[in-house]
Structure formats: C-alpha cells, structure tokens
Amino acid sequence: MTRRILVTSALPYANGPIHIGHLVEYIQTDIWVRFQKLRGNRCIYVCADDTHGTAIMIRARKEGRSEEALIAAMSESHQRDFDGFGIQFDNYGSTHSDENRTICAKIWQSLRDKDLIAERPVEQLYDPEAETFLADRFVRGTCPKCGRTDQPGDNCVCGHTYSPTDLIDPKSTLSGATPILRESTHLFVELEKLHGFLADWIDTSDALQSETANYLKGHFLANELRDWDISRPGPYFGFEIPDSPGNFWYVWFDAPIGYIASTQQWCDSNGEKLEDWWNSDSCEIHHFIGKDITYFHTLFWPGMLESAGFRLPTKVRIHGFLTVAGEKMSKSTGTLVSAETYLKYSNPSYLRYFYATKLTPRVEDLDLGIDEFTEKVNSDLVGKVVNLASRVGKFASTTGLSKQYPDDGGLFAAAAKAGDEIAAAYEACDFSRAMRRIMELADAANPFVEHAKPWEMKKDAERQGELQDVCTVALNLFRQLAIYIAPVLPDLAKQCGDLLGSPITSWDQSKTPLVGIPVAKFQRMMDRVQSKDLKKMIDESKELAAADAAQDNASPTNDAAFNDSDQPLKDEPIADEISIDEFAKVDLRVARVVSAEHVPEANKLLKLTLSLGGDERRQVFAGIKAAYDPEKLVGRLVVMAANLKPRKMRFGLSEGMVTAAGPGGEEVFILGVDEGAQPGQRVH
RNA sequence: GGGGGUGUAGCUCAGUCGGUUAGAGCAGGGGACUCAUAAUCCCUUUGUCGCGGGUUCGAGUCCUGCCACCCCUACCA
C-alpha cells in the first residue's frame, strides 16, 4: 500500500552558513526521503529558512542592510549548499512568508480560544542606545561570585549561574552601553493546561525514541510545566501579534509553523490541499531534528498542533551532534568546515556515504575521523562497489548483456532477497546497518569476477559468449548495489542508469536482472579520496575562521566586548628594558610534542618529548599537569626555549622550557603557532 | 548530585530468544592475479567479550556490585 508521508528537517537559522554539522541532519533526512520515494511511497520533503529574531535584526543592522536583504541572501546561500550535497526538497520556504503569517495567526487564535494565553509584565535588561531588549547572550559583565570580568549574561566560567541582572557592571555587546532594567508585557502559553495531553502523547504515541520519552517524563512532566514566554517587545524582526500591538511572536513560535507554511506553498503549486497533509490520519508526518531542540518539538509543538486542530507528528526522529576526531567542532582547529569549503575540496557523495555508515536510530553523537572517512570511502565505495562496474565495464560495452540471465551460483537471488532486510533498516533510520548489509553483498560479488577470469575469455574468440555472461552477472550485481544505495548516492544510481540505459526509479528493480541490452561506453564513476585534499579543506577552514575573527575584532561595535581586566599586568608588571641583542640570546623554536606523559612522583609536571624536526628530540619537564591532558598535547606545535641550559631534576634532565602564559595551576595556556610553521623554525 | 547510554580483535563495529569452537570489514603477515582507480582475489595472526560476584546443565547475552568513557541535566526529576 502506498503511504503518504510528509517529512521535515529543522529549519536552518538565517544567521550563518551551512556547515558539515548541519549536514548530518539534512543528509539523514534526504536519504530517508529518497528511500521512501524509491519504494513508491508518496513522500514530500519540506523545509525553510528560519529568519526571525534578535540575532537577525542585529546582524542586519551591523551590515547596514535590511533584514529582508540579509535573509534573502542567506536563503540563497543555504539552498545552494543543500543543492551541492544533493539534498532535494519538494519545497523550500521561509518563515518570513505570507503563508507563515497567516497560519501563525490561525494557531494563535486557537490558543486564545482555548484560553491558553496569559499576560504579565517581565523585567528585562534594555539597551538604551541600540533601543532593544537584550537576550542573555547580548550582555556581558563581571561575575558576582568570582569577580571575573567579561562573562556572559547567564553563567561564568567559574561554574556559577545567575541572571543577567545580577552581573556587576553589565555592558551590552551591541553598543557597549550599560543596560537598564525595563518592564514590558509578555504573553505566555500556559503549557501546564496541556500536561495531561502531552504526558499521554509521549507515553502512547510511539512518536519518540525511548530515551527521549524517558528524558521528557523525568525532566519536565514530573513537574508542573512552566509557562512559555512566547512574545518579544519591539523592535524585533518577526511578525507582530495581531491582537497585541507592539509585541511580536518569539522566533520559536513561528519557526515550526514554518513546516506547515512550507507545505502550504507546495500544495499551492501542486494543486494539493493542506488538510490532506496536516489534518489527515492517513498521512504520516516525520520531523527530523537535532537533540538540542528536542524540547521545542516534543512539548510546545505538539501542544500547539493539538490546540489548533492539526494532526500530531508520527515520529520525531532525533539525532546527535557531529564531532570531528572525537572533539567538538571548532573554528580554530579548522574542523568546523562549511558546506561551501567542503565542496571545494571533496565530493558530497563521500560525506553522504560516511554519515550513512554512522547513523543509527539512537540519539547519539557521531564522530568523523579523517582516517576513518578516507578508509571507508576508499575501501567500500571505490574498492568494492564502483570497482565491480569498473572492472567489467569496458568489456561490457562491446558485448552488451546476455539474452538470458546466466547461472551465477545464486548471487543475484540472494542479493534480491537481502533487499527486504536492507529496506527495513532504512525505514528504521538504521542506515549504519543498511550500509553494512550492502557492503556484504559487494564483498560477495567481487570474487565472482575474480574466479571467472573475464580477461582470459577476452583473448579467446570462442569464449565471447562466456565473457558476455560474466559481464551480465557483474553488472547486474552492481546494479543491485546501486539501487540499494541509491538513497545515499543518487549520483551513482544515475551513472548506473546511464551505463545500462535503464534509469533506477524503483526499489523493486533489484529483483529482476536486466538482460539483452547494450551497455554504454564505460565512464569512470568515482575517484578515491585524497588525504591531501582533506588537509587543504581543514587548512582553509582555519584560515577563514581566523579572517572572520580578525574582522570581528576590527569592528568598532565589538570593542566593548573586549573590556579585558588590568589585573594580569598589575600582578606581574613589565620587566626592565632589554636590547635586541639580549632578546636574540633567547633561542625560541617551534617544536612538536611527540610524546607526553605523567610523571608519577611529581605533582605538577608532565614529561614531554619535543621534536625540532628530523631526529632532534628534547626531553622537557613542564609544570602544566593540572591544565593539560597529556594525550591531547601529542602532535601539537609549541614554542620552546631551546638554548636554555639543561637542568637536572629529580625525574631526569630537562632540556628546555615550553612557553606558556597564566598564573599557574589549571590556568596555564601554552603558546601555539599557526598552522604552517615547521618544527625547528626559530621564532624571531 | 541525578538521568540515559556505551564498554567485544590494533581500529570501526555485528552478535537474534541464554545454546556448539565469539564474528565481519579495515589494518598487519604470506601468496596469487593483471579486467579494474597501488584497485581485486586466496590464505592467515590477534580476544581476560571493562572488572568482580550471582542465577543456570550452559552467560558476550539475564541479575547484581564496581570501574572507565560519552551524552543530557543540574541546589527544579
């Protein structure tokens, strides 16, 4: 039976470009959608840019253009990036659309009608210069607990949490002005009135992974649900609330409604009715989101839908975050790679496949290791799958496929049978399992060619029939793989279709071999990953991040954010003047940490082995044990005093010093060197 | 502090309802081949299934205590 399925990914915020972390979700969703379409289900995939909120307003001001101009440019850039990764939406809208405004108003009216809206005053910090209320993250000041300066509005690095009004000497990061307290009316959704409904939905709907249901039950539903502050006083880039002039819907109110608005647009241009998708029990709705926005999609959103008479999601499919080499992505290490940068140096199919091998139905983070990435793509995709076509492609172009499918020892039949299991894995979002099963099939197919020895047949005029049979088997096995992996690698599916003159359009094509047809001239399908390209990609990401940071620093509006304390200079005044000759006596060198280990008898020391390039090694003891984990130091470039007289210590000889700043203890910060420097180079 | 999860080969991971000798891919070692992108094929080494108890004829699997790591959340469960 054909299912009707509406699928969404979370709406990307129009405040920045798409990066490889975002892509986990869009690739995951796109794979699932393509799978459903391949299975013959009626499936549409809608998304939109999330365009409202203070951050957009501020950014537009800073860039001296209208919000509309900013979000238009962002939308274009997002869509270009998605397109580059083969992510195919049926409709891509914007929360700043007429459709969205209309549906927001409708849902709002329903909430009013159900008496779920309350009004009360809220005191909030206000920036009198920028003339706007300030969210926590736009206020910085001195921590009331420990006295550290320049801390964010909600918590300090010392671990203390507070409200921005508790900060000593608070400053707006927008203008540098001192914020004042100002009262305004806010509107709230009284979510507690929906407590029973939500508890029931979470318990019985089967829409959530069990860990998510547990989390909600334990964390929220065990208590009274707090009112949800749904309005923001102007100026605010968003929709003004029709029955509350001067107040705007908070961005998180209209963002999910964007799912419906985007569907509306699709309906309008395809002659469909919105009710058939959002008010129908015969349609499924699947939301794909990241774990950070669980709360909005599993409490507020179902509450809003229920109140307004829309159907509830069939599934909210929540995924974890991307880490790179086991660490959070970061600009400074170049692991926060933008979609655009990735596409410059690498092939989107690689990333689609790699993510597919990592994705499971569970809410867990997934790690991208450069070596693992290279290995998986090269061994699995190029070595196994593509190679199968590549190794018989040239023969097949001259022979074509046999009239009848030859005996292959049951390979084709076995792979056809495996289709059900692979489909079940896709359906359950267990792409990792699906990829594993597909690779097992590829592993079985290659030995067939090997044992048949088509290259020998080619030389013998009398064995051309046999050669044709081998090609027929190999290419049909390849085609099965291409069909099964088509949701992940649409490009490969296309290439397979071109080669055999028969486009891949349906999962069931895997059940019947192609026979008696010509084969096109073989075209190379996929290149191997080159590690040097990935390295370039990381390097460029680092450079871009550095350029961004430099630009931010140069911007005058940001000076206020850098009200650094004068304490360090007071603690340690600048030393007596020296001549350049005296300075030159200190030979500072770039060195690479090649090993780092704890010294069991020492309280503060780590034993480092530093490389100055070639075979030059220095053993150095550094008092940084409390601040650095030895494993994380290995491989890093540091700056060392290289001509320091070696000093005998209880634990061994120390042949230099590693440079670092900070008062000591946990607050020690090793001097780093920008990428490109070579161990052994002198610091001038 | 609380909640959730993970721990199996050097690496990434399978392992069904408790059932024979714990598996795959990659990496490593040896050989073969030359159709194929230094691709492929054959053979092959490696295990305290985190640790300790318990239940059982039988435990990687179930129970329990501990350890390590990860995620979430924190004077709200």
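By convention in this document, chain letters (A, B, ...) are assigned in the order of the sequence lines, proteins followed by strands, and residues within each chain are numbered from 1. Only this structure's heavy atoms are used, side chains among them; waters, hydrogens and symmetry mates stay out. Everything numeric in this text was worked out from a predicted model, so none of it was measured.
Take A/F448 and apply the side-chain contact (heavy atoms from CB on, under 4.5 Å) test, not counting sequence neighbours, and it matches A/D408, A/L411, A/V470, A/V473. Among residues two or more places apart in sequence or in another chain, the salt bridge (Lys or Arg N to Asp or Glu O under 4.0 Å) test is passed with A/R352 by A/D30. By the side-chain contact (heavy atoms from CB on, under 4.5 Å) test, A/E327 pairs with A/K632, sequence neighbours left out. Residues satisfying the ring pair (Phe, Tyr, Trp, His ring centres under 6.0 Å) criterion with A/W507, sequence neighbours excluded, are A/F35, A/Y426, A/Y484. Remark: A/S402 engages A/Q468, A/D469, A/T472 in a side-chain contact (heavy atoms from CB on, under 4.5 Å) (not counting sequence neighbours). Considering only residues two or more places apart in sequence or on other chains, A/Y405 meets the ring pair (Phe, Tyr, Trp, His ring centres under 6.0 Å) condition with A/F412.
For B/C49 and B/G18, the C1' atoms lie 15 Å apart once the distance is rounded to whole Å. Nucleotides B/G4 and B/G60, compared at atom C1', are 22 Å apart to the nearest Å. Between the C1' atoms of B/G15 and B/A59, the separation comes to 14 Å (whole Å). Here the separation of B/G10 from B/U45, taken at their P atoms, is 15 Å to the nearest Å. Look at the P atom in both B/C17 and B/C62: the space between them is 10 Å, to the nearest Å. Separating the C1' atom of B/G47 from that of B/G2 is a span of 36 Å, rounded to the nearest Å. Of the C1' atoms belonging to B/C13 and B/A32, the separation is 30 Å, rounded to the nearest Å. Separation of the C1' atoms belonging to B/U16 and B/A22 is 14 Å when rounded to the nearest angstrom.
Here the P atom of nucleotide B/G25 and the CG atom of A/L381 are 17 Å apart, to the nearest Å. Between A/N223 atom CG and B/A74 atom P the separation is 12 Å, expressed in whole Å. Look at CD on A/E466: it is 17 Å from P on B/C35, rounded to the nearest Å. Rounded to an integer number of Å, the gap from CG of A/D371 to P of B/C11 is 14 Å. In this structure, A/F448 atom CZ and B/A36 atom C1' are separated by 16 Å, rounded to whole Å. Taking atom NE2 of A/H219 as the reference point, atom C1' of B/C71 lies 14 Å away to the nearest angstrom. Atoms NZ (A/K376) and P (B/A24) sit 17 Å apart, rounded to a whole Å. What separates CZ of A/F220 from C1' of B/U73 is a distance of 9 Å, to the nearest Å.
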request  = Map every base of RNA chain B to its dot-bracket character, where paired means a Watson-Crick or G-U wobble contact with both distances under 3.5 Å and | marks a partner outside the strand.
outcome  = (((((((..((((.....[...)))).(((((.......))))).....(((((..]....))))))))))))....
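Residue contacts shown for A/V386 include a base, since a base heavy atom lies under 4.0 Å away. Within the 4.0 angstrom heavy-atom criterion, no nucleotide atom of any strand lies near A/K217.
Listed by first then second residue, pairs satisfying salt bridge (Lys or Arg N to Asp or Glu O under 4.0 Å) with a partner in residues 356-369 of chain A read A/K291-A/D365, A/K358-A/E372, A/R362-A/E364, not counting sequence neighbours.
Classification of the A/F253-A/W228 ring pair by plane angle, with boundaries at 30° and 60°, yields tilted.
If you check B/U12, B/C35, B/C41 against the side chain of A/K358, the one that comes closest is B/U12. When distances run from any side-chain atom of A/D380 to the nucleotides B/G25, B/C42, B/C35, the shortest one goes to B/G25. Residue A/R226 has its side chain nearest to B/C76 when only B/C35, B/C76, B/U37 are considered. Relative to the side chain of A/R524, the nucleotides B/U37, B/U40, B/C13 differ in distance, and B/U37 lies closest.
With respect to the salt-bridge test (charged N to carboxylate O, under 4.0 angstrom), the residues A/K384 and A/E440 do not qualify. Ionic pairing of A/R524 and A/D527 is present here: one or more N-O contacts between side-chain nitrogen and carboxylate oxygen are shorter than 4.0 angstrom.
Atom CZ of A/R226 sits in a sparse spot, with 12 or fewer heavy atoms from other residues, nucleotides or ligands closer than 6.0 Å. Residue A/E462 places its CD atom among 12 or fewer non-hydrogen atoms of other residues, nucleotides or ligands, all under 6.0 Å distant.
Within residues 450-458 of chain A, the residues having any heavy atom under 4.0 Å from RNA chain B are, by residue number, A/E450, A/H451, A/W455. Contacts between residues 418-441 of chain A and RNA chain B, defined by a heavy-atom separation under 4.0 Å, are made by A/R433, A/R436.
Remark on RNA chain B: of its neighbouring residues A/E375 and A/D365, the 5'-side contact belongs to A/E375, judged by nearest-heavy-atom nucleotide. For A/V392 and A/A442, each mapped to the nucleotide of RNA chain B holding its nearest heavy atom, the one lying further toward the 5' end belongs to A/V392.
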I'd like a table of donor-acceptor pairs (distance under 3.5 Å, sequence neighbours excluded) in which one partner is a side-chain atom from residues 213-223 of chain A, with atom names and distances.
{"residue": "A/N214", "atom": "ND2", "partner": "A/S210", "partner atom": "O", "Å": "3.4"}
{"residue": "A/K217", "atom": "NZ", "partner": "A/D203", "partner atom": "OD1", "Å": "2.8"}

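Distance NZ/A/K394 to SG/A/C471: 12.5 Å, rounded to 0.5 Å.
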request  = Might you work through the salt bridge (charged side-chain N to carboxylate O under 4.0 Å, His left out) test for A/E450 and A/R391, ending with a clear yes or no?
outcome  = CA-CA 10 Å; A/E450 191 79 16; A/R391 63 193 312 191; 2.8 Å; yes
Sort me out a list of protein N/O and nucleotides 3-5 of chain B N/O pairs below 3.5 Å, or just none if empty.
none

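Put simply, the side chain of A/M537 reaches to within 4.5 Å of the side chain of A/Y342, judged on heavy atoms.
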